[in-house]
Amino acid sequence: MKRIISAVILISLLLCGCVQASTPTDAVAAIDPRVRTYYEIFVASFYDSDGDGVGDLKGIEEKLDYLNDKNLNSNGSLHVTGLWLMPIMPSPTYHKYDVTDYYSVDEEYGSLADFESLCAACRERGVSVIIDLVLNHTSSEHEWFKSACSSIRAGECENDGDDCAFSTPCAKHNDYVGYYNFSNVNQGGYTAVSGTNGGWYYESRFWSGMPDLNLDNPSVRAEIEKIVEFWLEKGADGFRLDAVTSYYTGSNEGNTEFLAWLTDTAKGIKRDAYLVAETWTDSSTILSLYESGVDSCFNFPFSQNDGSIISAVNTQSGSALAKSIERWNAALSFENPDAIDAPFLTNHDNGRSAGALKRDLALEKQAAAVYLLMPGNPFIYYGEEIGMTGSGKDENKRASFTWSLSDDTGLTLSPKDADRVETVSAGVAEQLADKNSLLRFYIEVIRVRNSLPAVVFGEVAALDTDFDTVCAYTSSYGESTVAVVHNLGDEAVEIPSTFEGYSLYAGLSCGEGKPRLSKENLYLPPNSTAVLEKR
Ligand code: CA
């Protein structure tokens, strides 16, 4: 309902000339500012502005024209409308998922001033910025943890059972002991506190360098509120929440409660702050986490190399995919009518999709068309749009972005422990110049997406076309209805009569030939997508 009222206000403003006739991108964001086409950036591997080999925040600002040049008709810009920056806070690791200071920018990436500058420049282009927020754990180098361990090591407190057991600091301990989950009992997921002769252990589900925070501690929650407020004030539009299924390991109820508190806290500070949760889990758990009121949970079951999208593209199973999208869309709306799906192909923890799609350009384009045209907020992992590959060690999946094969300006080094980095056959510069490239296809699909609110906000109904290879569904929003039709098959199809009353809005060719709509049928060549608008 909120969205419909906003749309009415927008249309009224446009009619009275109170705002400039906005671009279609603005129209989507004006209906609901949380709804975006996102681009995930591993800052170290994106663009290096100062020649030290490490990508940085200034580098992203320098390349904003590539991300969104504000000219929707240009073929030189992706026109994404949101950025997700992987962790930018100080950290001893290359990936920075273990924070030592929640109120600063890692100096490798720049300064707080650089962050504020980037956010301001993005805002000027209608691009939102969300940052990774790692709250399950800190770095073992964080002052809180070091202070807690010192307090325990001070030896004032004997290992005397009830007094000091299970994260309840005794009177002799400092407050930071209660920030973490210490125990006198060694158990799975715990690490011995060094210097305590095995008498003390701390929860560390990921590894010893990442002690889990005690999220039940009111002092920790107060710190988190301060952290959230700090970054929203610096210009962030929201957060990607790391590892939410580990907040309370094994307790979905605990995770949902904390997520609800965090959502309320963030929106209490900034009403339209956007939160997207890393819910690396199954469908039913994801749906239950939506009960928290969080805006988005990453759609892991559809994504990743063995998820519904890439599997359907590889096995040409279109009609089954359409039914899955319909079911998922309905289930989300049931849990929370304001929920925004967050599909992606792969992220920094997955092997790159190009590998799973056999480095077949037609399949890569087809998979892109499927996820970018699903309702919600699609997340493009940097490099996906140019067909970067990378699998095995995490470092390989986070390799240097290829701007050009012939010009190394801004080129970063890949993570130093990467053991296999393959070069793409064409970088950004080459692909922008080639109208058949994967990058130009991304640009084309994003343009369609940004132009049709019914695609983005729609309520999905699968259509039966009698072709197993065809994924067809309608997506309706307000008065408008579109039909999205993908032919995942390697043979052309002619679909009779189903689309009477529609006109062809976009015919996207992933391989050879273009979709055509006639009075008699909708013709779809092998691997192609048609977006139709109901007249
Ligand atoms: Ca640099």
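As the structure is a prediction and not an experimental result, all values here were calculated from the model. Remember, it's 1-based here, ligands and their atoms both numbered in the order they're listed.
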[X] NZ/CZ over [Y] ring centroid, <6.0 Å and within 45° of normal:
{"X": "K234", "Y": "Y103", "answer": "no"}
{"X": "R352", "Y": "Y382", "answer": "yes"}
{"X": "K63", "Y": "W403", "answer": "yes"}

* For residues S91 and D98, is any side-chain donor paired with an opposing acceptor at under 3.5 Å? ->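 Result is yes, a qualifying pair exists.
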
Is the ring centre of F145 less than 6.0 Å from the ring centre of Y202?
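Yes, the ring centres sit under 6.0 Å apart.
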
Which atom names give the shortest non-hydrogen contact between A121 and E61, and what distance separates them?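 The pair with the smallest heavy-atom distance is CB-OE2, 3.7 Å.
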
#### Entry: Nearby protein N/O/S atoms (those under 3.0 Å) for the Ca ion (ligand 1), with water ignored
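Counting only protein N, O or S atoms under 3.0 Å from the Ca ion (ligand 1), the list reads D48 OD1, D50 OD1, D52 OD1, V54 O, D56 OD2.
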
